[in-house]
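See below for the structure under consideration.
Naming: A, B, ... by sequence-line order, numbering from 1 per chain.
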There are 2 protein chains.
Amino acid sequence: MKSELTIGDVARESGVKVPTIRYYEQIGLLPEPPRTDGNRRFYDQKGLRRLAFIRHARELGFEVSAIRTLLALQDDPTQPCATADGIAKARLIEVEQRIASLMALKAELEVMVEECRHGRLAECRVIEVLADHGKCMHDHH
Amino acid sequence: MKSELTIGDVARESGVKVPTIRYYEQIGLLPEPPRTDGNRRFYDQKGLRRLAFIRHARELGFEVSAIRTLLALQDDPTQPCATADGIAKARLIEVEQRIASLMALKAELEVMVEECRHGRLAECRVIEVLADHGKCMHDHH
DNA sequence: CTACATCCTCTAGCGACTAGAGGAGCAAGC
DNA sequence: GCTTGCTCCTCTAGTCGCTAGAGGATGTAG
């Protein structure tokens, strides 16, 4: 376990691309790391963990502003966790709504694809359904 | 049924906002409509249908480039519909993958929220799970 | 005739990156 | 030492699909 990690090292280990790491630093999600004599960033295990935290949160769909709050909470563990819990709950609701919406779209796409008779476009269901919303059986949108 | 519709009329009837309609025109999704003496755009039922088509396709998550192709196909209905069918099928696969991914995230978020004991952050599951990906039971990401 | 809504063009901003230019540093092989 | 080639640096600009705002013209209702 190296103690001085280059930006490439942390990129490999965290799965976050090098330019994205620099971008996170630029927007203040990551602190400015120390530099070598040759002006290169170097990181320690703490920096790597912070980046892994960010990556995981991004994968879960949290916005950067939410991650900013979560990181601040992590930095001050004397705070009650109601805030973190609230952010997670809000995200859960978003995800549930997005799933419901996508399920409806899936059903609609399936009908379109299913009914396409592979003939001429004149009777193609894909075009037809898109052209006339009334032809789709769902009222979700 | 008016035959000369202002941009505001088609916005109301299609549910697409006025600046978005102008944007669609700018990127070539909509043809440049004729203008009144006072330089205002006016539309007919055909223009409104084209906009409704675009809106529905966007709601189904099709990208603008895909919609461009679908519109071209619609304009030339002698073409086989295999292309339209392919676009819809590709989108269906995307949607299915997105649903699967969101279901996994939902499960993970539920565990996080469920296990949060509403105590101090020191033992908050939300922060903890985010900080250590190994603590989450899914290997989807 | 005066408000006020709607329209026009134009430029710039959003989020979360991603790509590319142009140059400097570093490690390994010869 | 020297060259090759990879990684790093900064900076600007582009992506997608809009959205917001400035600053001005036009149309409509009372």
- Side-chain (A:Arg55) to main-chain (A:Ser14) donor-acceptor, under 3.5 angstrom: yes
- Message: Pick the closest DNA chain C nucleotide for B:Arg40 and for A:Asn39 by heavy atoms, then say which residue is nearer the 5' end.
- Response: B:Arg40
- Do any N or O atoms from the side chain of B:Asp9 and from the backbone of B:Thr6 form a donor-acceptor pair under 3.5 angstrom? yes
- Item | Residue-phosphate contact under 4.0 Å: A:Thr6 side-chain N/O, D:dT7 OP1/OP2 | no
- Message: Expressed as a whole number of angstroms, how long is the span from A:Arg68:CZ to C:dA16:C1'?
- Response: 12 Å
- Query: With no hydrogens and no angle check, is any side-chain donor or acceptor of A:Arg91 less than 3.5 Å from a backbone partner on B:Leu109?
  - Reply: no
- Any side-chain N or O of B:Arg22 less than 4.0 Å from the OP1 or OP2 oxygen of C:dT9? no
- Nearest-angstrom distance from the residue atom CD of A:Glu25 to P of D:dC8: 14 Å
- Message: Expressed as a whole number of angstroms, how long is the span from A:Glu4:CD to D:dC8:P?
- Response: 14 Å
- For B:Leu29 and D:dG17, give me the distance from atom CG to atom P, rounded to whole Å. 9 Å
Produce the list of close N/O pairs, under 3.5 Å, pairing protein atoms with atoms of nucleotides 18-22 of chain D; give distances to one decimal.
| from | atom 1 | to | atom 2 | distance (Å) |
| --- | --- | --- | --- | --- |
| D:dC18 | OP2 | B:Tyr24 | OH | 2.8 |
| D:dC18 | OP2 | B:Arg58 | NE | 2.6 |
| D:dT19 | OP2 | B:Thr20 | OG1 | 3.2 |

- Task: Measure from CD1 on B:Ile67 to P on D:dC16 and round the result to the nearest Å.
- Result: 13 Å
- Query: Taking only side-chain nitrogens and oxygens of A:Arg35, does any of them come within less than 4.0 Å of OP1 or OP2 of D:dT10?
  - Reply: yes
- Message: For a quick check of understanding: with a heavy-atom distance under 4.0 Å over all strands, which category does A:Arg41 fall into, base, sugar-phosphate or nothing?
- Response: sugar-phosphate
- Take atom CD of B:Gln26 and atom C1' of D:dC16, then tell me their distance rounded to the nearest Å. 13 Å
- Item | Nearest-nucleotide 5' precedence on DNA chain D, B:Phe62 against B:Asp37 | B:Phe62
- Message: Considering every strand and a 4.0 Å limit on heavy-atom distances, what is the contact class for B:Ile7: base, sugar-phosphate, or nothing?
- Response: sugar-phosphate
- Item | Interatomic distance, A:Tyr43 OH vs D:dC8 C1' [rounded to whole Å] | 11 Å
- Rounded to the nearest Å, what distance is computed from the CZ atom of residue B:Phe42 to the C1' atom of nucleotide D:dT26? 16 Å
- Item | Non-hydrogen atoms of B:Gly8 and B:Val18 that approach each other most closely | CA-CG2, 4.1 Å
- In terms of hydrophobic clustering (I, L, V, M, F, W, Y; side-chain heavy atoms under 4.5 Å; direct or indirect links), are B:Phe42 and B:Tyr24 co-clustered? no
- Task: Applying salt bridge (Lys or Arg N to Asp or Glu O under 4.0 Å), run through B:Glu63 and B:Arg68 and close with a yes or a no.
- Result: CA-CA 9 Å; B:Glu63 290 173 8; B:Arg68 225 182 278 274; over 6 Å; no
- So, does A:Arg58 use its side chain to make a donor-acceptor pair with the main chain of A:Phe62 at under 3.5 Å? yes
